[in-house]
Amino acid sequence: MKLLEYQAKEVLSSLGIPIPPGVVARTPAEAVAGFEKLGPVAVKAQVPVGGRGKAGGIKLAKTADEARKAAEQIIGMDIKGFKVPLVYCEAALEIEREIYVGFTVDRDARANILLLSAKGGIDIEQVAEESPESIARLYPNPWRGPMDFELTQLVYDAGLGELARPLSAIIENLYRAIPELDALTAEINPLVVTKKGEVIAGDAKLEVDENAAWRHKDLEERYGGVVEGDPYEVEAKKRGLTYVSLDGEIGIIGNGAGLCMSTLDLVQRAGGRAANFCDIGGGAKAEVVENALAVILMNPRVKGVLMNVFGGITRGDEVAKGLVHARDNLKMKLPLVVRLSGTREEEGRKILKQNGIEPGANAWEAAQKIVELATMETPTPAAARPDLPAEEVTLEHPS
Amino acid sequence: MKLLEYQAKEVLSSLGIPIPPGVVARTPAEAVAGFEKLGPVAVKAQVPVGGRGKAGGIKLAKTADEARKAAEQIIGMDIKGFKVPLVYCEAALEIEREIYVGFTVDRDARANILLLSAKGGIDIEQVAEESPESIARLYPNPWRGPMDFELTQLVYDAGLGELARPLSAIIENLYRAIPELDALTAEINPLVVTKKGEVIAGDAKLEVDENAAWRHKDLEERYGGVVEGDPYEVEAKKRGLTYVSLDGEIGIIGNGAGLCMSTLDLVQRAGGRAANFCDIGGGAKAEVVENALAVILMNPRVKGVLMNVFGGITRGDEVAKGLVHARDNLKMKLPLVVRLSGTREEEGRKILKQNGIEPGANAWEAAQKIVELATMETPTPAAARPDLPAEEVTLEHPS
Amino acid sequence: MVQGITGREGSFHTEQMQALGTNVVAGTSPGKGGTTHLGVPVFNTVADAVMATGANASGIFVPPPFAPDAIMEAAAAGISLIVCITEGIPIQDMIRVKDFLRGYPSARLLGANCPGLITPGVAKIGIIPQRITMSGPVGLVSRSGTLTYEVGSALSASGLGQSTIVGIGGDPVLGLTFRDVIELFERDRATTHLVVIGEIGGSDEEHAAELLGRGSRLKTVAFISGRTAPEGKRMGHAGAIISGNRGTAKSKEEAFRQAGVAVAETTDEIVGLLR
Amino acid sequence: MVQGITGREGSFHTEQMQALGTNVVAGTSPGKGGTTHLGVPVFNTVADAVMATGANASGIFVPPPFAPDAIMEAAAAGISLIVCITEGIPIQDMIRVKDFLRGYPSARLLGANCPGLITPGVAKIGIIPQRITMSGPVGLVSRSGTLTYEVGSALSASGLGQSTIVGIGGDPVLGLTFRDVIELFERDRATTHLVVIGEIGGSDEEHAAELLGRGSRLKTVAFISGRTAPEGKRMGHAGAIISGNRGTAKSKEEAFRQAGVAVAETTDEIVGLLR
């Protein structure tokens, strides 16, 4: 689960990291109220993706009028596919210098890595490429956490010895997000040293492990209801699906991430573009298939659906029956090609054919067939698609 | 710091361990009030030492009158040198079985050891001697704490598998006293399984590390003011001395625990008995010497004082000057023999002689001399002794 | 042995494992010690099971909140091959488990979130269906479950039997890596060919390619899924700082080609390249 | 090197160590890296000091809240002899430190709460005063600070010089044990005689006696202080359960006698028994 900036800052503040005062605004009027409370503010788009600054999603407001205008411009703006639902108005900082500090999981090392650099700010990736030695690194032992002497070494290695005390404290608190929140990534960039010498989080990014949600129900309750940009991903999440929106026109369902990804590859090879990635996992129960199909069909760009299932334990005839049922329930009119393999594949194919669904002999043929059919397809009338939920999607703000 | 039972239970309860309801009573009337609130109660002497049950310090009260009588008998009673200042009236438990659980530092293993036995109760030491295999043991890794599977194994090893869940939870919470409170020993004996099947602490012992007091100021504030039995030890603690009361008549001051202990040994060898152990440590500043001498002289049993100092870094002449000053300030009349060795010992001895203090040539001679002098000594009038503080020593009860 | 033998998954797959002839000597289920399940004695703890039966390998079929402890319990009890099927274990738990296992260097962990391993006609630990397999000289190692089945089926259908099929699992923090498994195949006389099925993310495929590039007696084909998967919608820079350009399908395929390993662009191509 | 070299204790004893000829090559004091103190270069961290100077032994003179971290820092930086003088370190901290040191088997810790060690006329780390010592063939190992000085003085006064004097410290959880130090003396050609000064509590003396009982080339005298100390006012049974009858002066003296080691009843007897 990726938290928005203001949520990440709430969490970091609860861990003892200094943050500037700020106010969430869903309307320009609320942004003006924020200005009146805080004085000069940065008005910042709240989206769970980087690069909003370069996209015009952050504006400085020195007057109430500027705050209103900034909020007007930013709320509703599209940043990398996310429609901005609200802004965060934060007291502007007098910046003396910008530091980078963060941690993430280093897959190769099978460990967490702490990163610290005196060259913080928006160009940190460039710094990493051009002068990797300017980023100090530490792999804390996962049972012990970072030791004091390791933090001291990290801070001196980054050339930030004169800030050893505040930095060690901030890094120690930031690290608490690992044992206490199952954080996978947490980042403060920039960590601002103000002209007054305070060290304070200018921005914050935080991602927690959804596999550990059962350990952090409070976090899930507080922030899990908050809805991200893409409406199909939001709907898929509600239905418990592993779903990622893409920008093509072929809907994809597969069982297993690897098989699903290789299906995407085949569609592209056949000249088409996938509209999504949707892994229904092992077992492939009828209900899950129906949910997956429903979400895919909500997207008006979709012109055909390819389902690729290899039945290891799953029986092909049962998958076929479930699929036919789902198609009928959803009154699906779009072309549907199914590649069904493994246990009882013959019986499954027979059921599909009897119900007018095209079985592919193998995955590559199935991919070619759906691309062909989708290309011929004329747009379906909107009435034939399941609707998105009627209520408007709104962000909840924990007050 | 050794906590009294009711204090230890307060702490364990805050760690999530079930305890019976109870009330502290400093008077028989308060014990009656406790009975009226709780019904049948155990009236228990609060002393920081084991064996109170066998000494008559625990009585069951089924009526208000029995509660009053029990409190009358127990308050003020002497248990192993501790005058009982108050009792704890605790709701009586219907005992189905008694378990032993505890941890302590195993010096030889340089580690903490968790102990669990199905044969809890007052005879646990006998159980340990006669059937050590009936006590299951676990050395938890000090960084990770006990792992779930280790606790499961411990519980099954102790033959308590049917209580695996509540026991694992209680042991896990008990263990928290190590990382969170710097506990050195914590023990629940008996851990009672009631006839209703609850698992609840029947007694509790807790000792925390005084070297870690700086990390637990709250604990020190809450329980540190509570005064233990021996008035000289209490006074010594207030003055920051390392002092243990013994039952002989020769006061002992030494620098370093080893030297101090070997001084005790020499006094015994010479036919005397030490009145105390008092280690003034390295450096031996005049103020510390004066404090040590003051506490020793408060004890009317003391008939002479032996001071044994080896000056490594400390200069003998300075020790001698400090001692003369202290003796004069305290108007000390009792025999005083000093063995002074190491740096500037000659100068030091000269100062002592000039001031009428007997220097011993070596520790053995000094021990013989003080025993000889003390045996000849007639009792000193009380006026020549420093007084104990005038205010009555009272136990503070955190309410 | 099987940890969680009395559960639904544990029961079902124990039977499958037994059907293939796997010698399942013990199971655990705390509180059920002393009973028998599927003809197998059940113990309260792995240490008890090892003491009584000498079990040296374990398949773990317990839910995510208990699986990390189950892995560590197996290692501490002296189990030398630990296969964890459980999907959905929190990553930080696995990082702690990996560090714990450093204290038990003779314990090998496969997974978590993996289908396990099978030597066709001989034995299996895990959930790979026997019927997609056939005995023969091809070693197969894969990060993906269903792709493994698909490729296994294709090999069997073409008469290319398998020595052993190993699914290392799809989680970011794993036990055995491609490299570890390939080293074992190199030492396995029954294996002459090798198929490596990787996917985007991490650098395990690159490290495997590097090993194979140093010289190998195995005729090898690699396949990477996710060539057209878009870069994840990343937030933050920490990931980019540490991974740089590694982890893409392109970098992985290139690494294998530079190591002299044939790269299949679709799974259909694997059989042809392997012959 | 000296950790905490710029502090009052660190400064004073560094000068003493230098006066004896000890080659102090570095010191640490975070924030003072790059400066010089007592002619010694100061670094921010031990790793920096080791990198720049190759220091391989360290004396630690920092207050209790920082000493455990200082010990672990030294071990992690590759220091092979760590001498911690600091008194008053919480026991649980030392238990964690001891576990940490398992990861650095080549690092030896002496202390904490110990006076350190001295090879008369050659070098010292710690606070044992040079003037009580004299060069010679007697190895001296002790748990007590002032008793060490007393016995060292007595030996020197009798013309019995010392090869090395080692104070292992008085805390319940220590680094090097009597046993460890005796093994080193056995291998030290300059040592032909040995004095062991123990005290009540723990079983380190018993273990040392067991080692000496297996055969030793050293003529040894043992002394135990605390023969008449009363049993502590114990509460709880945990201690009694694990220690049984060990730990008393009687059990320790008996252990040494059974090992064929002469036991002195007073410190005055040591010199006579050693000749």
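Every chain is numbered from 1 and lettered A, B, ... according to where its sequence line falls, protein lines coming before strand lines. Keep in mind that the numbers below use all heavy atoms, side chains included, and drop hydrogens, waters and symmetry copies.
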Checking B:R269 against chain D: side chain, backbone, both or neither under 4.5 Å from a heavy atom?
side chain

Non-hydrogen atoms of D:D171 and B:R107 that approach each other most closely:
O-NH2, 4.3 Å

Checking heavy atoms, do the side chain of D:Q130, its backbone, both or neither come under 4.5 Å from chain B?
neither

Of all the heavy-atom pairs spanning D:S225 and B:M261, show the shortest one and how long it is.
OG-CE, 3.7 Å

Considering non-hydrogen atoms only, spot the tightest contact between D:T146 and B:G256 and give its length.
OG1-CA, 3.5 Å

What distance separates D:E150 CD from B:N308 CG, expressed to the nearest 0.5 Å?
6.0 Å

Rounded at 0.5 Å granularity, tell me how far CZ in D:R227 sits from CG in B:L264.
12.5 Å

Portion of D:P65 that has a non-hydrogen atom of chain B nearer than 4.5 angstrom
both

Would you call D:D99 and B:R144 a salt bridge, using N to O less than 4.0 angstrom?
no

Under 3.5 Å: donor-acceptor pair, side chain of D:Q92, backbone of B:A183:
yes

Test item: B:N211 and D:P64 side chains (from C-beta on) under 4.5 Å apart, heavy atoms:
no

Heavy-atom contact with chain B under 4.5 Å, split by part of D:D204
both

Heavy atoms only: give me the nearest D:S203-B:D108 pair and the separation to one decimal.
OG-OD2, 2.6 Å

Atom of B:W143, atom of D:M72 and distance for their closest heavy-atom approach
CZ2-SD, 3.8 Å

Between the CG atom in D:D93 and the CZ atom in B:R215, the distance rounded to the nearest 0.5 Å is 4.0 Å

Distance in Å, D:I91 CD1 paired with B:R110 CZ, rounded so as to fall on 0.5 Å steps
11.5 Å

At a 4.5 Å cut-off on heavy atoms, which part of B:R52 comes close to chain D: side chain, backbone, both, or neither?
neither

Residue among B:C260, B:A363, B:P142 with most heavy-atom pairs under 4.5 Å to chain D:
B:P142

Taking atom CD as the centre, does B:E345 end up with more than 12 heavy-atom neighbours from other residues, nucleotides or ligands that are less than 6.0 angstrom away?
yes

Which atoms of B:N112 come close to chain D, meaning under 4.5 Å heavy atom to heavy atom: side chain ones, backbone ones, both, or neither?
both

Please classify the contact of D:I128 with chain B as side chain, backbone, both or neither, using a heavy-atom distance under 4.5 Å.
neither

Which atoms of D:F223 come close to chain B, meaning under 4.5 Å heavy atom to heavy atom: side chain ones, backbone ones, both, or neither?
side chain

D:I224 portion near chain B, given a 4.5 angstrom heavy-atom threshold:
backbone

How about B:S341 and D:Y149: do any of their side-chain heavy atoms sit closer than 4.5 Å?
no

Rounded distance [0.5 Å steps], CG in B:D265 versus OG1 in D:T228:
4.0 Å

When rounded to the nearest 0.5 angstrom, what is the spacing between CG in D:D268 and CH2 in B:W364?
9.0 Å

Which one wins on heavy-atom pair count under 4.5 Å against chain B: D:S144, D:P172, D:G170?
D:P172

Option in B:T263, B:D182, B:L266 with maximal non-hydrogen atom pairs under 4.5 Å from chain D:
B:D182

